[in-house]
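Step one of this worksheet: look at the structure below.
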Amino acid sequence: MTDARALLENGDIAGLIRHLRFNAESMDLGEIARLMATAADRSGFDDLREAAGAMAARQGPQELYDFGYACIERGVAFLAIPALRAAIALLPDEPVLLMELVAALERENRHAEAVEALEPRVDALAPWPARYLLAHNALLAGDADRAEREAARLPPPDDADWAPARDRLARMLDRARAVRTVSPLDLKDLRGWQFTLGGGVLLTISPYGFDDGMTGRFAYTSDTFETCRRTLDRLRLVLDAAGRRPASVGLLPDRSSRVLGLAAARLFGLPAEPFDPARPDALVVAYDLNEAGLNEAAGLDGLWERAEGQVLFERATCWTDPPAVTADVSGLLHQVAKSPWGERLQVSPGGEPETVPPDERPAEELADEIVRALPEPDEDASDGAPPDPDDALAGFVRAVADRWPTGPRDALRSPGPVPSNRFA
């Protein structure tokens, strides 16, 4: 508590939130409330300030619920969890409290805990949303069998608003059945779960720190022209394995996507055209969708619903801050990625870190460099990472090709059951 109070007194609200993330569940709820009342006041969050102040004065079910609700709304759902659990201890038969706890656990990707919370009560609750949430969280926790059983017990929803959730769960379970014919779908099967949950094919399994907490994802990666070329070659492998023959490359407006899109067009012998959401059979190329500006003003809202035959490829997909749509093909999953032409850090010949300024050459020249680059071979399996040869990727794609790419591009908000370390 002393450390938390010191952070608050020094005005380090971000530091306080980081401290609470790791310590809140062992702290007194009253102290958390007092800390957050002050922090919310300084941040201008009146709803959270009022709820925290009320919980500091009295920890009844209503005060605990209001604080939990405000925390979820303000993006600190982890603080809602101990408060809502305390409220449930006071009113164990109140479904509103349970549903809010499940919402907080889902926001924190604590899906196995959501299953544990729902399981004792699900038979006594309305199946929509309770049993749906049980099936959904079981799948996101890695238990496909449990998810299948619970989904089979779901009646059609009475409320049409639940239809998209029902359809999304059905698509995920259908993809899981296809994946399990060719991949283990266990807690290390990153490619299998990426396809199951989001419908996208992952090209690269990181060998770095595989058995030390990364499990196929990258933390920080500095891209090169050679790895961009290798990724485009693997993209062609996926398209061939699935029997897809794009007619053109759709160029997104941001610079990095344009560079990579021009390179793809030249390698594949396709015309390159500005992205048109209505154009069929287009290969739409993004470097990082978070940088592409997925909004109506930029004309990219058409990526949510694909045109006939359209394939969306993203070179570097951020798994800690996922984009608003899930790509049909992702080059790699990262927390931080630097493009070959952006400002980067590198180690100087003397062993010191130095900043490399951005490469300001025209997009066409940078694309030519990708095309000329010699593709870097995949890293040898290390740190426990399994080998990932081209024929294994092609075999995976052939096994799931009739389910790829289909359905809307739902945002993949949860990393799913495959764990990876996160870095601030």
Side-chain angles (χ1 to χ4, degrees), residues 20-29 32 55 59 61 64-73 75-155 157 162 165-166 168-170 172-173 176 180 184-190 192-193 196-197 213 215 412-422:
L20 291 175
R21 175 171 287 281
F22 292 104
N23 296 281
E25 297 206 26
S26 63
M27 292 172 61
D28 176 73
L29 284 174
I32 292 173
M55 193 176 84
Q59 291 172 32
L64 293 163
Y65 171 81
D66 290 343
F67 177 75
Y69 182 88
C71 286
I72 293 172
E73 291 296 298
V76 284
F78 68 93
L79 287 175
I81 293 169
L84 291 168
R85 282 184 167 149
I88 290 172
L90 297 172
L91 291 177
D93 296 326
E94 176 49 65
V96 172
L97 296 176
L98 177 59
M99 291 300 102
E100 203 67 20
L101 173 61
V102 170
L105 291 167
E106 282 192 329
R107 295 285 183 93
E108 291 296 305
N109 303 319
R110 292 161 63 170
H111 303 292
E113 293 178 60
V115 170
E116 290 176 6
L118 283 163
E119 191 169 30
R121 298 282 312 284
V122 68
D123 289 331
L125 299 172
W128 293 92
R131 194 170 298 280
Y132 160 75
L133 290 172
L134 181 57
H136 182 252
N137 281 283
L139 186 62
L140 293 178
D143 191 344
D145 291 334
R146 176 67 183 272
E148 285 273 16
R149 292 195 302 270
E150 300 299 341
R153 297 180 64 185
L154 272 172
W162 283 109
R166 175 201 59 195
R168 183 170 57 248
L169 177 62
M172 289 193 292
L173 290 171
R180 293 171 88 174
L185 209 61
D186 58 18
L187 299 187
K188 290 188 175 182
D189 186 7
L190 186 61
W193 282 110
T196 293
L197 301 182
T215 332
L412 186 55
R413 292 302 179 194
S414 169
V418 179
S420 293
N421 294 333
R422 293 173 180 248

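Only this structure's heavy atoms are used, side chains among them; waters, hydrogens and symmetry mates stay out.
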On a heavy-atom basis, which atom in [X] and which in [Y] lie closest, and how many Å separate them?
X	Y	value
Asp189	Gly192	OD1-N, 2.9 Å
Gly142	Leu187	CA-CD2, 4.4 Å
Leu197	Pro417	CD1-CD, 4.2 Å
Pro61	Ala87	O-CB, 4.1 Å
Ala144	Leu173	O-CD2, 4.4 Å
Gly68	Leu84	CA-CG, 4.3 Å

Within the structure provided, determine whether [X] and [Y] are in side-chain contact (heavy-atom separation under 4.5 Å).
X	Y	value
Leu20	Met27	yes
Tyr65	Ile88	no
Arg146	Leu134	yes
Val76	Arg107	no
Leu64	Leu29	yes
Glu150	Leu139	no
Leu154	Leu169	yes
Arg110	Glu116	no

So, [X] side chain and [Y] main chain: donor-acceptor pair closer than 3.5 Å or not?
X	Y	value
Trp128	Pro155	yes
Thr215	Ser420	no
Trp193	Leu140	no
Arg121	Pro92	yes

Nearest-0.5 Å distance, [atom1] of residue [X] to [atom2] of residue [Y]:
X	Y	atom1	atom2	result
Asn137	Asp143	CG	CG	11.5 Å
Arg131	Arg149	CZ	CZ	11.0 Å
Phe78	Leu105	CZ	CG	13.5 Å

Item to check | Matching residue for Ser414 among Glu106, His136, His111 - test: side chain to side chain donor-acceptor pair (under 3.5 Å) | outcome: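 Of the listed options, the one satisfying the test is His111.
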Item to check | Residues Arg153 and Asp123 bridged, charged N to O under 4.0 Å | outcome: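 Looking at Arg153 and Asp123, the cut-off is met.
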Checklist entry - Any ion pair linking Arg180 and Asp145 (charged N to carboxylate O, less than 4.0 Å)? => result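 Yes, Asp145 and Arg180 are salt-bridged.
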Checklist entry - Could you go step by step and tell me if Leu97 and Leu90 meet the side chain to side chain contact (heavy atoms under 4.5 Å, CB included) rule? => result CA-CA 10 Å; Leu97 296 176; Leu90 297 172; over 6 Å; no
Item to check | side chain to side chain contact (heavy atoms under 4.5 Å, CB included) evaluation trace for Arg85 with Glu25 | outcome: CA-CA 10 Å; Arg85 282 184 167 149; Glu25 297 206 26; 3.8 Å; yes
Checklist entry - Just wondering, are more than 12 heavy atoms of other shown residues or ligands nearer than 6.0 Å to OH in Tyr132? => result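 Buried by this count: over 12 neighbours within 6.0 Å.
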Item to check | side chain to side chain contact (heavy atoms under 4.5 Å, CB included) assessment of Arg21 paired with Glu108 | outcome: CA-CA 11 Å; Arg21 175 171 287 281; Glu108 291 296 305; 2.7 Å; yes
